[in-house]
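Inspection log for the structure reproduced underneath, given as structure tokens.
Proteins get letters first, then strands, A, B, ... in listed order; numbering begins at 1 in each.
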There are 2 protein chains.
Amino acid sequence: MQKLTAQRQAILDMINRSDKHWEADDVAYALKEEGVQIGIATVYRGLAALAEQGLIESIQLADKKRYERADKAHHDHLICTDCGNIEEFCEPEIEALQDKVAAERGFKIEGHQLLLFGLCKTCKAGES
Amino acid sequence: MQKLTAQRQAILDMINRSDKHWEADDVAYALKEEGVQIGIATVYRGLAALAEQGLIESIQLADKKRYERADKAHHDHLICTDCGNIEEFCEPEIEALQDKVAAERGFKIEGHQLLLFGLCKTCKAGES
DNA sequence: ATGCCGAATGATAATCACTATCACTATCAT
DNA sequence: ATGATAGTGATAGTGATTATCATTCGGCAT
């Protein structure tokens, strides 16, 4: 019952066009830049709908959500607390251990989020 | 330069008294219950200060922060998306893998957060 | 004791990401 | 065409958290 409307298609295209981790404002701004007129509420709803359909991925940071392309393998994130840059990594062994832990307690995993905070290579080098 | 004032001591005592995952409102309410008069802004500031000093632990959920006692071993969380209950687990192998991943890319880990979302044993049993 | 200074307090206003409301419109099945 | 259903967009509202600011507290030097 979710529809892929022209607005949602525009949002999806925009996100698929880069590897950025978009926040709602970014998407709205980028769309306006290229002359697509779309209300901010529609952007929020569109992002939520697309994520629910699995057409994009969402990650929840401290204060806001970010969205990214879904057409890549599952991965988690390294977030630099200095420059805010987000790196991705993939570690199947961690996923396997998560499943093990959940199985041990009868917990049914529907999703997970692993965030590593710290200093990226560049920022670490720049520290005193 | 952070001070452990009477208000902050009261917050700390309250949190240490149970294994709950407190949110700011809970703490403010519980303190008022036992006659401690304290402003909500002071609760927020106190929680932030205590967490910064390592006297309590904080975890960041989607919309709000939760705080818990710091005097137990490090652990991560299983969050039931149905009843909201939070379980804890400890899996040193996962931590080791995180360190490995970070080391591989020259990333210096300062902290991490692993949240597993899904249905707890009870809620899973209650599903159709 | 007194005065000073940085930090804390508390009432309240402000912020900010997001969600609800509501009138209107687009799409689809009959 | 008709009605049902979902989407749109402007805008108001929400809720957790943070900023503001006048006041107060706790040490420490005098």
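- No donor-acceptor pair under 3.5 Å is formed between the side chain of B:Arg66 and the backbone N or O of B:Ile59.
- Mapped onto DNA chain C by nearest heavy atom, B:Gln2 and A:Lys3 fall at different nucleotides, with B:Gln2 at the one closer to the 5' end.
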Check: What's the verdict on side chain to side chain donor-acceptor pair (under 3.5 Å) for A:Glu88 and A:His21, showing C-alpha distance, side-chain angles and the deciding distance?
Finding: CA-CA 11 Å; A:Glu88 300 171 354; A:His21 296 84; 3.1 Å; yes
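- Of the candidates C:dA20, D:dT8, C:dG10, D:dT8 carries the atom nearest the A:Arg45 side chain, counting heavy atoms from C-beta on.
- Under 4.0 angstrom from either OP1 or OP2 of D:dG9 there lies at least one side-chain N or O belonging to A:Thr42.
- Distance CG (B:Asp26) to P (D:dT17): 11 Å, rounded to an integer number of Å.
- Remark: P of C:dA7 and CD of B:Glu52 are 13 Å apart, rounded to the nearest angstrom.
- Closest to the side chain of A:Arg8, out of D:dG7, C:dT9, D:dA10, is D:dG7.
- Considering all non-hydrogen atoms of both residues, A:Gln60 and A:Leu115 come closest at O-CD1, 3.9 Å.
- For A:Ala41, whose side chain is taken as the heavy atoms from C-beta onward, the closest listed nucleotide among C:dG10, D:dT11, C:dC18 is D:dT11.
- Considering only side-chain N and O atoms, B:Tyr44 lies nowhere under 4.0 angstrom from the phosphate OP1 or OP2 of D:dT18.
- Counting heavy atoms from C-beta on, the side chains of A:Met14 and A:Trp22 come closer than 4.5 Å.
- Per the geometry, CD belonging to A:Gln9 stands 15 Å off C1' belonging to D:dG7, to the nearest Å.
- Spacing between atom CH2 of A:Trp22 and atom P of C:dA17 amounts to 17 Å, rounded to whole angstrom units.
- Following rounding to the nearest Å, A:Lys64 (NZ) and C:dT19 (P) show an atom-to-atom distance of 14 Å.
- Contact between the side-chain N/O atoms of B:Gln7 and the OP1/OP2 oxygens of C:dG10 is found at a separation under 4.0 Å.
- One atom, CD1 of A:Ile40, and another, C1' of C:dA20, lie 15 Å apart when rounded to the nearest Å.
- Using a 4.0 Å heavy-atom criterion, one finds that A:Thr5 contacts the sugar-phosphate atoms exclusively.
- Note on B:Gln37: only backbone sugar-phosphate atoms sit closer than 4.0 angstrom, heavy atoms only; bases stay farther off.
- Side-chain rings of A:His74 and A:His112 approach one another, their centers coming within less than 6.0 Å.
- For B:Ala24, taking side-chain heavy atoms from C-beta onward, the closest of the listed nucleotides D:dG9, D:dG7, D:dT17 is D:dT17.
- Following rounding to the nearest Å, B:Leu61 (CG) and D:dG15 (C1') show an atom-to-atom distance of 15 Å.
- A straight line from NZ of A:Lys32 to C1' of D:dT8 spans 13 Å, rounded to a whole angstrom.
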